[in-house]
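One structure below.
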Amino acid sequence: MNRSDVVSPSTADLYDAHVMKNYGRPPLTLVRGSGSYVWDDQGRQFLDFTSGIAVCALGHCHPHWVAQVQRQAGELVHVSNLFRNPNQGELARRLVGYAGPGRVFFCNSGAEANEGLLKLARLHGATKVGGEEGKCYKVICAQSAFHGRTFGGMSATPQEKIQKGFRPLVPGFAFGELNNLASFEALVDDTTAAIFVETIQGEGGVNPATTEFLVGLRKLCDRHNLLLILDEVQCGIGRTGKFYAFEHAGVKPDAIGMAKGLGGGFPIGAIWVGPKAAELFQPGMHGTTFGGTPLACAAGLAVLDVIERDGLLAHVTAAGAVWLAALQALAAEFPAQVLGVRGRGFMLGLQLTSDPIPYVAALRDAGLLAPSAGGNVVRLLPPLTASAEELANSVAIIRSVLSAKA
Ligand SMILES: *Cc1c(COP(=O)(O)O)cnc(C)c1O
């Protein structure tokens with residue numbers, strides 16, 4: 001047989017044959033990225049406002065990020081947490097600079113960050129009852145939350161589509177209504193250790209916690225000696241124009257979960273814990289093989305470098321306000337299809353009057369990649385580096401799709 005007769009299977013064939021079926025994917029194979037754009041294997045270009053689900057904070061293949069990751073890859077990649085490495089110490093210092101005095105633990109994903117935070121909640125609960133475990137462990141979360149796919153994260157995520165098939169879940173979770181302080185207050189009792197919410201719900205539909213609600217939760221936690229834990233896995237690392245989304249409300253949590261944008265595409269998660277609980281984890285109580293490697297932390301440091309050097313927080317605030325206004329005007333133009341626009345900075349959601357999936361497909365065909373979210377929402381998550389012109393282009397593409405469907 002002639003070598004040219006051997007037809008190599010397409011990526012679609014390989015996925016069909018060998019990749020697990022837990023994602024329903026569109027027929028699209030991406031092969032290259034630069035800035036706010038990606039290209040598929042047919043050479044088609046897309047404006048990428050999925051950003052790897054709020055991961056590619058600097059867009060694709062940002063030169064500083066690439067240079068730092070390449071340099072570190074040639075120097076030292078992984079040593080485990082049995083030894084120190086300089087990048088982990090430096091990234092912890094930089095995150096403490098944003099979050100305030102406290103300590104950082106590095107892991108590999110949002111769900112893993114949240115697992116650490118839930119374990120922290122249990123340790124804190126035990127301190128309230130003389131160190132005994134199993135007495136004070138309840139964590140109050142929000143309805144329509146999303147905290148990840150592990151058993152702890154899933155148990156904190158009260159959605160049938162996430163939990164179905166995997167029960168029994170981890171016990172000790174209760175759920176209040178987002179932005180309804182009284183509903184959280186009613187759930188607090190002697191067994192409660194922590195309140196755990198996203199500052200802006202992402203997967204649930206881009207639902208921001210209001211300032212009054214966050215301030216109220218802070219007071220509630222102080223009154224009952226509960227940890228206030230904020231999941232900033234999606235909304236953190238500059239996405240809303242502040243480094244952490246809770247800064248808009250002027251509250252200080254006791255602990256923070258981070259991941260997505262922190263590595264700019266390299267897997268890294270982190271938890272920051274403030275003075276109230278920073279000493280609870282002692283040697284041997286928690287760990288992870290891959291957390292905080294020299295390479296992962298080099299990626300994280302490169303992200304922070306560019307956010308600071310290029311003034312990306314100010315850019316997201318200014319460009320985000322213009323973009324929001326343009327999208328709101330668009331919503332007003334197409335009231336039969338768009339109910340409104342929610343969110344902040346570069347984390348916006350278009351709330352539609354119907355299923356967002358056909359819109360996500362039509363936007364893709366028109367050259368814009370954007371993920372859906374709960375509550376009939378199309379999420380728009382540009383890289384923090386997206387230009388005013390690229391944001392305006394996204395509005396033009398969305399207008400063309402709304403017009404075609406009107
Ligand atoms: C994505 C997400 C998670 C889970 O992160 P993974 O890295 O997918 O495990 C947790 N919380 C929030 C708010 C998220 O957006």
Side-chain angles (χ1 to χ4, degrees), residues 52 54-120 123 148 150 229 231-234 236-239 243-244 254-275 277-310 312 384:
V55 164
C56 305
L58 307 181
H60 297 280
C61 303
H62 189 283
H64 179 71
W65 188 96
V66 171
Q68 294 303 306
V69 168
Q70 283 181 340
R71 183 192 50 75
Q72 190 61 51
E75 195 166 295
L76 186 67
V77 169
H78 174 91
V79 292
S80 86
N81 279 303
L82 302 178
F83 309 100
R84 293 191 289 260
N85 77 75
N87 288 355
Q88 184 175 146
E90 177 61 10
L91 186 55
R93 182 185 77 80
R94 301 263 293 265
L95 290 176
V96 164
Y98 284 109
R103 294 185 180 280
V104 177
F105 168 80
F106 290 103
C107 54
N108 305 285
S109 68
E112 194 187 359
N114 289 342
E115 292 298 315
L117 293 168
L118 294 171
K119 287 173 75 173
L120 183 82
L123 293 179
T150 51
I229 306 177
D231 182 342
E232 292 250 344
V233 166
Q234 187 161 157
I237 324 295
R239 185 143 287 282
F243 192 78
Y244 295 113
D254 299 303
I256 307 165
M258 297 159 249
K260 293 198 164 90
L262 181 56
F266 200 94
I268 182 169
I271 65 178
W272 168 91
V273 183
E279 311 297 328
L280 288 177
F281 280 124
Q282 289 295 313
M285 293 172 75
H286 190 53
T288 184
T289 299
F290 290 112
T293 65
L295 188 58
C297 291
L301 287 167
V303 169
L304 299 191
D305 286 346
V306 176
I307 287 176
E308 292 164 17
R309 186 192 70 191
D310 293 356
L312 292 184
L384 308 186

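Not measured: the values here are computed from a predicted model.
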N/O donor-acceptor pair under 3.5 Å between W65 side chain and G59 backbone: no
Nearest 0.5 angstrom please: I268 CD1 to S109 OG, how far? 11.0 Å
Parallel, tilted or perpendicular: which fits the ring planes of H286 and F105, with parallel below 30° and perpendicular above 60°? tilted
Once you round to the nearest 0.5 Å, how far does OG1 of T288 lie from CZ of F106? 12.5 Å
Flag side-chain contact, heavy atom, 4.5 Å: V96 against V104: yes
Nearest heavy-atom neighbours spanning A259 and G110: CB-N, 3.3 Å
Over all heavy atoms of both residues, which pair between A270 and L95 is shortest? Give the atoms and the distance, please. CB-CD1, 4.3 Å
Mind checking whether I229 and D254 have side chains closer than 4.5 Å, heavy atoms only? no
Quick check: closest heavy atoms across N85 and G292, and the distance to 0.1 Å? ND2-O, 3.0 Å
Is the closest side-chain heavy-atom distance between R94 and E308 below 4.5 Å? yes
Heavy-atom closest contact (P275 atom, P101 atom, distance): CD-O, 3.3 Å
When you compare the side chain of L301 with that of Q68, does any pair of heavy atoms fall below 4.5 Å? no
Can you find a pair of side-chain heavy atoms, one from L312 and one from L58, that are under 4.5 Å apart? yes
Using every non-hydrogen atom in the two residues, find where Q234 and A54 come nearest and quote the distance to one decimal. CG-CB, 4.0 Å
Would you mind reporting whether L295 and F266 have side-chain heavy atoms less than 4.5 Å apart? yes
Heavy atoms of other groups near F290 CZ, more than 12 under 6.0 Å: no
Can you measure from OH (Y244) to CZ (R239) and round to the nearest 0.5 angstrom? 15.0 Å
If you measure from CD1 on I237 to CE on M258, what distance do you get to the nearest 0.5 Å? 6.0 Å
Within 6.0 angstrom of R309 CZ, more than 12 heavy atoms from elsewhere: yes
Compare all side-chain heavy atoms of L120 with those of I271 and state whether any distance is below 4.5 angstrom. no
Output for pair (D310 CG, H62 NE2), nearest 0.5 Å, gives 5.5 Å
Pair T289-H78, side-chain contact (heavy atoms from CB on, under 4.5 Å): steps then yes or no: CA-CA 9 Å; T289 299; H78 174 91; 4.2 Å; yes
Quick one, L91 and L304 - any side-chain contact, counting heavy atoms below 4.5 Å? yes
Residues that A57 engages under side-chain contact (heavy atoms from CB on, under 4.5 Å), provided they are two or more places apart: V303, L384
Nearest-0.5 Å distance that lies between atom CZ in R71 and atom CG in L76: 11.0 Å
Closest heavy-atom pair, P267 versus A296, reported as atoms and distance to 0.1 Å, is O-CB, 4.0 Å
